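For reference, the structure is listed below as structure tokens.
Residue numbers count from 1 along this sequence. None of the values given here were measured: they were computed from a predicted structure. Excluded from the calculations below are hydrogen atoms, water molecules and symmetry mates; all remaining heavy atoms, backbone and side chain alike, are included. Remember, it's 1-based here, ligands and their atoms both numbered in the order they're listed.
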Amino acid sequence: MKSVAAFSALLASVLARPQGYETPAPAPGPAYFQVLSARSASPIHFRPLQANGGKFWLGGTPSGYCPVEVVGNATCEQYPGNQTTLAGGFGTLSLGVVVPGGQQVYIAPDGRMSYTTAHSAYVPEGSVRDGWSRTFREDPTDPLGSLAFEGGLIACPDPADQYNPWAVYGQTANFTAPSADCLVFSSITTNETDAGAWQY
Ligand SMILES: *[C@@H]1O[C@H](CO)[C@@H](O)[C@H](O)[C@H]1NC(C)=O
Ligand SMILES: *[C@@H]1O[C@H](CO)[C@@H](O)[C@H](O)[C@H]1NC(C)=O
Ligand SMILES: *[C@@H]1O[C@H](CO)[C@@H](O)[C@H](O)[C@H]1NC(C)=O
Ligand SMILES: *[C@@H]1O[C@H](CO)[C@@H](O)[C@H](O)[C@H]1NC(C)=O
């Protein structure tokens with residue numbers, strides 16, 4: 001897995017290149033990916049998308065967990081769970097986890113971008129599971145791409161401190177932003193070769 005510094009360096013090199021050469025997604029592959037938000041001149045420019053406590057945030061840390069008594073230290077060391085990795089993104093989206101059954105991403109009825117608990121497929125009635133798409137650069141060796149949700153993603157600050165993690169929402173049909181301070185952002189992806197956590 002890449003460090004945040006490596007990700008940032010990669011991003012800087014890509015941003016230096018000309019824009020406007022994205023193409024529709026090739027056939028879905030097995031790759032995992034991480035997401036960084038982009039909203040220039042805002043407190044949420046280049047924040048990692050983090051899975052914590054059943055919901056997604058921009059910034060902060062993920063709630064990665066590994067049952068070391070069950071699966072052993074060697075396995076847990078392979079999945080430190082300190083970065084948020086996703087999978088899919090072609091229609092539906094999942095977390096990049098190893099736990100049997102996986103963990104699916106959904107937009108809750110209040111718009112909150114959420115994910116299922118390990119060992120459960122439960123999603124509240126009225127949630128939206130699809131509407132995700134990924135695009136890639138024309139250069140097949142370029143590991144950066146974009147993730148989009150139909151209607152867009154929007155993040156809302158902690159009223160106490162905008163530097164705390166921002167809550168992420170998907171703008172579904174009836175979505176109303178919880179505050180006037182929320183900001184729409186776009187999502188930069190970088191391919192990863194492995195799951196990021198046993199579970200989040
Ligand atoms: C990135 O992942 C996508 C989806 O799995 C794949 O199509 C693409 O070839 C990968 N790009 C690189 C540079 O690995
Ligand atoms: C796993 O590693 C931790 C820290 O290195 C150690 O304290 C613990 O005893 C190890 N557990 C097992 C089951 O090997
Ligand atoms: C995550 O943990 C691994 C193993 O301890 C470490 O090598 C890596 O630098 C950490 N990454 C981040 C982003 O903290
Ligand atoms: C949106 O609101 C309308 C009118 O209240 C309702 O009929 C519809 O089912 C809602 N759609 C969603 C996706 O919640």
**OP:** Classify the side-chain pair Thr84/Gln50 by whether it contains a donor and acceptor separated by less than 3.5 Å.
**Re:** yes
Subject >> Side-chain heavy-atom pair Leu49, Leu58 within 4.5 angstrom cut-off >> reply: yes
**OP:** Provide the number and element of each atom of ligand 3 under 4.0 Å from a heavy atom of Gln83.
**Re:** 11 (N), 13 (C)
Subject >> Selection from Gly88, Pro140, Gly145 by shortest heavy-atom distance to atom 13 (C) of ligand 1 >> reply: Pro140
Original post:
Counting from 1, what ligand 3 atoms have a heavy atom of Pro80 closer than 4.0 Å?
Top reply: 2 (O)
**OP:** Determine whether the side chain, the backbone, both or neither of Phe33 has a heavy atom under 4.0 Å from any heavy atom of ligand 1.
**Re:** neither
**OP:** Identify, by atom number and element, the atoms of ligand 3 in contact range of Asn82, meaning under 4.0 Å from any of its heavy atoms.
**Re:** 1 (C), 2 (O), 3 (C), 8 (C), 10 (C), 11 (N), 12 (C), 14 (O)
Original post:
What do you reckon, are the aromatic ring centroids of Phe56 and Tyr115 less than 6.0 Å apart?
Top reply: yes
Original post:
Looking only at N/O atoms, are Asn191 and ligand 1 under 3.5 Å apart anywhere?
Top reply: yes
Original post:
Is any side-chain heavy atom of Leu183 less than 4.5 Å from a side-chain heavy atom of Ile154?
Top reply: no
**OP:** Could you name each residue pair satisfying ring pair (Phe, Tyr, Trp, His ring centres under 6.0 Å) that touches residues 175-198, not counting sequence neighbours?
**Re:** Tyr169-Phe175
Original post:
Taking only heavy atoms of Thr141, which atoms of ligand 1 are found under 4.0 Å from at least one of them?
Top reply: 13 (C)
Subject >> disulfide (SG to SG under 2.5 Å) contacts in which one or both residues fall within residues 136-200, not counting sequence neighbours >> reply: Cys156-Cys182
